[in-house]
Amino acid sequence: MTTWFYNFIDLLFNALTIAILARALLSWFGIGPENPLVRLLYEVTEPILAPLRRVIPPLGMIDITPIVALFLLMFLHRLILASLTGF
C-alpha cells in the first residue's frame, strides 16, 4: 500500500471534520452567508449535511446533523484506513 494514498485519505477526513466543526461553531455567531469563509464552509460541507437533514429531523431549534456527520466520518475514516492497511 502506498503511503501517500493513506496520508491523503487521512488528511481528507481530517479536513472534512474540521470544516464541519467550524461551520457548526460559526453558526452560533450569526455570521452571514455573504462572508467568503462561510460560503467556502457551506460549499464543502453541504454535500455531506444535506442528505442527512432529509433523514434526521431537527430537535426543536437544534440541528444535530453535524454531530451525526462527525460520527459517520469517524466511522468511515477508520474503516477505510483499516481496509488500506489490511486490519
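All values below were derived from every heavy atom in this structure, side-chain atoms included, with hydrogens, water molecules and symmetry-related copies excluded. One-based numbering along the sequence shown.
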Output all residues satisfying side-chain contact (heavy atoms from CB on, under 4.5 Å) with [X], sequence neighbours left out; order by chain, then residue number.
X: Leu72; value: Leu52, Val68
X: Ser27; value: none
X: Ile48; value: Leu16, Ile20, Ala69

inquiry  = Suppose we screen for side chain to side chain donor-acceptor pair (under 3.5 Å). Which residues come up paired with Asp10, at least two apart in sequence or across chains?
reply    = His77
query = Who passes side chain to side chain donor-acceptor pair (under 3.5 Å) against Trp28, sequence neighbours left out?
reply = none
With the 4.5 Å side-chain cut-off for hydrophobic clustering, are [X] and [Y] part of the same group?
X: Phe13; Y: Leu11; answer: no
X: Leu73; Y: Leu25; answer: no
X: Leu70; Y: Ile64; answer: no

request  = Share the residues that join Met74 in a hydrophobic cluster, the rule being Ile, Leu, Val, Met, Phe, Trp or Tyr side chains under 4.5 Å apart at the heavy-atom level.
outcome  =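 Members besides Met74, by chain and number: Ile67, Phe71.
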ask   = Under a single-linkage rule joining Ile, Leu, Val, Met, Phe, Trp and Tyr whose side-chain heavy atoms are separated by less than 4.5 Å, which residues share a cluster with Met61?
value =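 Answer for Met61: none, a lone residue.
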Extract all donor-acceptor atom pairs below 3.5 Å that involve side chains of residues 33-44 and protein atoms in other chains or at least two apart in sequence.
from	atom 1	to	atom 2	distance (Å)
Asn35	OD1	Leu37	N	2.8
Arg39	NH1	Glu34	O	3.1

message = Which residues pass the salt bridge (charged side-chain N to carboxylate O under 4.0 Å, His left out) test with Arg53, not counting sequence neighbours?
response =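 Result, salt bridge (charged side-chain N to carboxylate O under 4.0 Å, His left out) vs Arg53: Glu46, Asp63.
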Can you tell me how far [atom2] of [Y] sits from [atom1] of [X], rounded to the nearest 0.5 angstrom?
X: Phe29; Y: Leu26; atom1: CZ; atom2: CG; answer: 7.5 Å
X: Thr45; Y: Ile18; atom1: OG1; atom2: CD1; answer: 13.5 Å
X: Ile9; Y: Asn14; atom1: CD1; atom2: CG; answer: 11.0 Å

ask   = Which residue pairs satisfy the salt bridge (Lys or Arg N to Asp or Glu O under 4.0 Å) criterion with at least one member in residues 74-87, sequence neighbours excluded?
value =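 Counting only pairs at least two positions apart or across chains, no salt bridge (Lys or Arg N to Asp or Glu O under 4.0 Å) contact touches residues 74-87.
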task = State whether the number of non-hydrogen atoms from other residues, nucleotides or ligands found under 6.0 Å of Leu79 atom CG is greater than 12.
result =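 Enclosed.
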